[in-house]
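Just so you know, these numbers come straight off a predicted model, no measurement behind them.
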Amino acid sequence: CAPPGAPPRDDPNARLQWNQHREALARVLGFSLQGRLSDGFGRSGELLWRQRADDSFTLQLRGPLGAGAVAIDGDADGVIVRSKDGEHRTDDPQGWMQAALGWTLPLADLRAWTLGLPADGAIDRLVLDAEGRIASLEQHGWTVHYDSYQTVGALALPRRLEARSAEVHLRLLIDRWAALDLAAAS
Amino acid sequence: ADALQRFVDEVRTFTAHFEQIQYDEDGGELGRRSGRFSLARPGRFDWHYEQPYEQRMVCDGERIWNYEPDLAQVTVRTAGDILRDTPVALLAEGANLAERFEVEPIGEGRDSGLRLRPKTDDADFRQIELWLESSGTPTRMRLHDPLGGISEIRFSDVVRNPKIDAGVFRFRPPAGVEVVNLDPAG
């Protein structure tokens, strides 16, 4: 059900813009964002996400006034989870999320969707908006809707998106994109 | 700590404007939020963020509501012992602090305050610093979360013992907003 006003998927103009848009996004090596995330189970908080060019990252979620702070820090060797209960390393971040949050999602998928890109792997359905950006995407058992975008430098990046699976209704609202680390244009 | 004792004994109700500054673990400023805070002992408060976006935490003494308009979500849970650790509850209760915290004075003269370290090791905050005027009026708080982040709260145009309409501490979820009950089922 493409949102009203979206061009038919094979609108050549939107398709052309999508290719350019995707190329520009593919040059994003690192980013830093601040926003709000809610998982539909009542857990919500302020999200700080720093993704670095060497693929190391930190995702920090804080409840009101910093309560319930949780961080997932990733590097080449795996992931460290930090919270009030201490710090522990895991090489199965998805398993930890399922145990701690009651739902899980590959971080690589979340990263791609947050940038407004499909994750690697099969795409069941992709609908573009009039400006050649993703309006909705079905992939890996999830449906991702992009409600709004914002301009960051020369890029259009998501401002508000929702990702639904059978169990989870994630809502992510990105208040600020900062520190975009772009690969040199080839 | 007689300033704290005066705050506990003499201040039954309290309203103030607040500004909250969030720092990351390296002391970098992440962002600022501001709004209004109302308090009525025992245990009722309204922590209402107005800028840069609205969010509201209301405790009517029995239940804590957390309303996030941008995420179109309200959570509700019984206050009970959860109230114990939230910093706002610290101000709302104030009475048996020594039971739950190691309290030690910090600073001197006009800038004297208290450092509160939770006695339980799974508290949301490693440490809370609280500055009060000699009259017992809170002026500033700093909350240290387990990730090394700090939330600094500054109160201004403080009114001690104003008459507060009880409606301030009641919350009715707006139509069309999803309400998630956080109490463990059953």
Side-chain angles (χ1 to χ4, degrees), chain A residues 32-50 58-73 80-88 100-103 145 147-148 150 159-164 168-179, chain B residues 18 20-26 28 30-31 33 35 37 47-49 52-53 55-57 64 66-77 82 85-90 118 120-126 128 141-153 178-183:
Chain A
S32 163
L33 72 83
Q34 282 177 255
R36 288 163 274 163
L37 177 66
S38 128
D39 68 1
F41 291 104
R43 189 171 299 101
S44 71
E46 292 195 18
L47 175 67
L48 169 66
W49 186 345
R50 289 194 177 122
T58 182
L59 266 106
Q60 298 179 10
L61 195 62
R62 285 183 169 81
L65 299 171
V70 175
I72 304 178
D73 303 340
I80 293 175
V81 176
R82 295 182 291 138
S83 72
K84 63 179 178 175
D85 306 324
E87 204 174 282
H88 75 276
L101 308 175
W103 53 272
H145 272 292
D147 301 321
S148 58
Q150 56 190 305
R159 171 165 156 58
R160 186 188 159 93
L161 60 114
E162 302 197 16
R164 251 185 226 278
V168 191
H169 176 200
L170 284 180
R171 273 170 275 214
L172 175 57
L173 204 146
I174 299 158
D175 295 306
R176 211 156 66 89
W177 286 94
Chain B
F18 68 82
Q20 177 187 338
I21 307 157
Q22 182 68 35
Y23 296 98
D24 65 22
E25 62 277 14
D26 310 320
L30 289 175
R33 300 175 69 187
F37 170 52
W47 186 272
H48 192 167
Y49 289 107
Y53 50 78
Q55 181 186 345
R56 203 172 157 219
M57 285 179 294
I64 299 183
N66 184 15
Y67 172 45
E68 298 181 76
D70 291 349
L71 293 171
Q73 182 182 285
V74 175
T75 63
V76 59
R77 57 173 188 224
I82 294 176
D85 278 345
T86 59
V88 180
L90 178 77
T120 61
D121 55 14
D122 66 350
D124 272 315
F125 295 96
R126 281 206 196 111
I128 296 173
M141 283 173 89
R142 278 165 66 88
L143 312 166
H144 300 249
D145 71 45
L147 308 182
I150 295 177
S151 241
E152 174 157 327
I153 297 159
E178 184 193 359
V179 179
V180 179
N181 189 320
L182 294 181
D183 289 332

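- For a residue to count as touching a neighbouring chain, one of its non-hydrogen atoms must lie under 4.5 Å from one of that chain's; by this rule B/L143 touches chain A with the side chain only.
- For A/S83, the side chain to side chain contact (heavy atoms under 4.5 Å, CB included) partners are A/V70, A/D85, not counting sequence neighbours.
- Residue contact with chain A, scored on non-hydrogen atoms closer than 4.5 Å, is absent for B/N181.
- No side-chain donor-acceptor contact under 3.5 Å links B/Y53 and B/E68.
- If you tally non-hydrogen atom pairs under 4.5 Å between each of A/R82, A/R171, A/R36 and chain B, the highest count goes to A/R36.
- The contact between A/E46 and chain B is made entirely by side chain atoms (from C-beta outward), counting heavy-atom distances below 4.5 Å.
- Cation-pi contact between B/R33 and B/Y49: present, with separation from the ring centre below 6.0 Å and deviation from the ring axis of at most 45°.
- Proximity to chain A (any heavy atom under 4.5 Å) is shown, for B/L147, by both the backbone and the side chain.
- Shown here are the side-chain hydrogen bond (donor to acceptor under 3.5 Å, both in side chains) partners of A/R43, two or more places apart in sequence or in another chain: A/D39.
- Contact check on B/D24 versus A/R50 returns a salt bridge, with a Lys/Arg side-chain nitrogen under 4.0 Å from an Asp/Glu carboxylate oxygen.
- Within the 4.5 angstrom heavy-atom criterion, only side-chain atoms of B/I153, from C-beta onward, approach chain A.
- At a 4.5 Å heavy-atom cutoff, the contact between B/E25 and chain A is made by side-chain atoms alone.
- Across all non-hydrogen atoms, the minimal contact from A/Q34 to A/L48 is CG-CD1, 3.9 Å.
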